[in-house]
Each structure stands twice: as C-alpha cells, then as structure tokens.
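Following: one structure in structure tokens, then a few remarks.
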Amino acid sequence: MKFVDEFRNHDVALALARRIAREAAGRQWKIMEVCGGHTHAIYKYGIEDLLPPNVELVHGPGCPVCVIPMGRVDDGIAVARTPGVIFTCFGDMMRVPGSSGSLLDAKARGADVRMVYSPLDALKMAREHPDREVVFYAIGFETTAPSTALTLLRAAAEDVQNFSVFCNHVMIIPPIKAILDSPDLRLDGFLGPGHVSTVIGTRPYEFVARRYGKPVVVSGFEPLDILQSVHMLVRQVLEGRCEVENQYTRIVRTEGNPSALEAIRKVFKLRPHFEWRGLGFISLSALAIREEYARFDAELRFEVPGVRVADPKACQCGEVLKGVLKPWECKVFGTACTPETPIGTCMVSSEGACAAYYNFGRFSRAATRLQVLQ
C-alpha cells in the first residue's frame, strides 16, 4: 500500500470484518485499545459497527491529557499565575479543568498563557523575551518525551537562563500492568499503541504475554490497520498462541527508536511515584528532570501547591480510563459534560475517549442499544 485511501478500502474492510465474525463466533471477546488515537479511529470510521456484537472494544489509559490528575492541573495554574511568567502548553491542555477552573480561565483572569505546537516554540519564546520566565507544561507518554528532552538539551547548550519545564511525562507500561492487576476487568488482549511504540518498540510489551498470558498486537491507526489487528488477536487466541505481534511494521521497529530513547535517558529519570487519574499512584510510572538539568525544572524554580485533588463526584473519567465503563454510561455524558462544558479530561482532549464517543460514537450500534434499554 502506498496511498491513504488504500488503508480505507471498503471491500477489504468488509472482508476482514466477515472473517473476524466467522472466526470469533461462539464466545464473547473483550479487547482493549490502549491509545486514544485508536478510539477516535474506531468511532470515526464506524469500525465498532463492522465488528460482530460479540467482539467488544474498550478504551484504556492511553490519552496523555486524560491521565493528568486535577492536582497537577492546579500546580500548572499556580505557576501560570506567577508574576512575570509566560506559561506555554499544548492546546487541549488549556481546557482541562482543575479544582477552580482551567488554564484558559487563568488566561481570562490575566495570566499569560499561550498555546504552542512544540517545546521548541516555548524555547524560542524564551529567547525573544529575556526579561520573562517562560515555562513549558510538558505532557505525554514516551511519544512526546524525546521532543522535550531535545529542547532541554538545546536550552542547556545555549545557556538559556529564563526557560523551564513543568514535567508531566508518563510511561505506558506501568498503567498497562496496573490494569492487568485489576481484579474487575477481563480482557482477551490488547491493541498496542502505535505512536508510543515508534519510540519504545515492541519488546517492552513482552511481559504482558509472558507473565499475564494476554496477546498484544501493536496497531496502526487506519481502519484496515485496526481491523487486521483485531483479526490477528483473534487468531492468536484461537491458535493457542500468546505473543507480541507488530501490525504497524511500516513505522514500528522491534527495538524502537534508539536515538529518541537515548535522549530520554540522558535528560530524565524515573519518579518514585506519580498520580494517575482513575488509577491512583503508580510507582516508577513517570519521568522527572535529572539533577544535571535541574536549573530547567519548573517544580524547583517555582512554588507549586502539590496538593492531591479529588475528581468531581459526577465525573467517571477514572472508570472510563480503566475500561470499566463506556463513556455514554457516565451519568453526565452528553448532558452536563460536553466538549464545550467539560467536567472531566476525557471530554477535553483530542484523544479523549469521551470526546470520541460524543463526536462519533453516539451514533454507533452500541449507543443505540443502550438508549433503547434506558
């Protein structure tokens, strides 16, 4: 295949769906797509409606914005409100609600909060405003950590004095392990995240198959990618195999991206523990800036509250991120909680499960069945 429309071929998709329906017949299947990008593709292209009713796809904790707890949002807002600070972040992070509003609300109240597309944009801003402190709110899994690491290396090489990073980079393997250790969720396998795997490769998932007996297929994001990956998982189970397979071979390599991994190792270290929305504190699950680059660590340069904040009682983002609930099973989904008036992070992010279900999934077969039952 050379062109994107080949990955969306209607006839091939139907043939794959029929094959899955035939081979998966006779039992119930539950497969977790870890990445929020997969969730959006599944509902944007109607993949769930192509699959037989006995094959269920559930969302996992692979949205980088969604897993940030409210306390860390409040910490960022506290830094943004510091006089003389230009606070920069990605666009979807600006609308994530904290305990008393979002970064966008802080901007409306006078804080200098600006959207950037890259940490290098924030570093450029620091050069252009030497009289101001420029802070970059770093989020994301191993996918975005290399860009932050390379930006810090450049800031160190240029000796930029007024630039710092509020680091919230997390790692994909610890939450997968936490989900596997959860007693309230039965899974037949995982659709492995494509973007993260371009950096870390496929080897880190081998413990899932070896220790927990669950197959993993690293998948691309086009409709045929996802359908083929589901079929590969079904075939593994039926054949009695339990392996890590790579469907996304055009991008992902077994060893990952050595240069990106080296940049991460050079700049970051593991945090002893980090709080995840819905999953609580998970040890060794996030990154912090190493001592050699401590002068660029916003948590050391500024005072942050560091207070744990409970999620709103009405919000069930935690259950959604663990695959326990479908977004439309949340009591406030589509009513009090919408993309325009989000209560939880899953409705804010461009990779959030609730946003995907709201924009596309409301019209799916499963949503219709639920509405009829209610």
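None of the values given here were measured: they were computed from a predicted structure.
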Partners meeting salt bridge (Lys or Arg N to Asp or Glu O under 4.0 Å) with K269 (sequence neighbours left out): E291
Taking the inter-plane angle between the rings of W328 and Y43 on a 0 to 90° scale, is it parallel (under 30°), tilted (30 to 60°) or perpendicular (over 60°)? perpendicular
Regarding T151 and T148, is there a side-chain donor-to-acceptor distance under 3.5 Å anywhere? no
Is there a donor-acceptor contact under 3.5 Å from the side chain of H129 to the main chain of M125? yes
The side chain to side chain donor-acceptor pair (under 3.5 Å) partners of S182 (sequence neighbours excluded) come to D184
Got a sec, which residues hit ring-ring contact (aromatic ring centres under 6.0 Å, His included) with H195, two or more places apart in sequence or on another chain? F221
Residues in salt bridge (Lys or Arg N to Asp or Glu O under 4.0 Å) contact with D159, at least two apart in sequence or another chain: none
Taking only residues two or more places apart in sequence, or in another chain, which ones meet E299 in a salt bridge (Lys or Arg N to Asp or Glu O under 4.0 Å)? R72, R271
Please indicate whether R8 has more than 12 foreign heavy atoms, meaning atoms of other residues, nucleotides or ligands, lying under 6.0 Å from its CZ. yes
Which residues satisfy the side chain to side chain donor-acceptor pair (under 3.5 Å) test with D112, sequence neighbours excluded? R114, R132
Enumerate, atom names and distances included, each donor-acceptor pair closer than 3.5 Å involving a side-chain atom of residues 282-289, sequence neighbours excluded.
unit_1: S285; atom_1: OG; unit_2: W276; atom_2: NE1; d: 2.8
unit_1: S285; atom_1: OG; unit_2: I282; atom_2: O; d: 2.7

The criterion is salt bridge (Lys or Arg N to Asp or Glu O under 4.0 Å); which residues satisfy it with E158, sequence neighbours excluded? R127
Are D121 and S118 linked by a side-chain donor-acceptor pair shorter than 3.5 Å? no
Quick check: Y45 with F7 (ring centres under 6.0 Å apart)? no
Could you work out, with side chain to side chain donor-acceptor pair (under 3.5 Å) as the rule, every residue matching D188, not counting sequence neighbours? R27, R186
Side chain to side chain donor-acceptor pair (under 3.5 Å) partners for E33, two or more places apart: T39
I'd like to check the ring-ring contact (aromatic ring centres under 6.0 Å, His included) partners of F166; sequence neighbours left out, ordered by chain and number. Y137
In short, ring pair (Phe, Tyr, Trp, His ring centres under 6.0 Å) pairs touching residues 278-309 with sequence neighbours left out are H273-F281
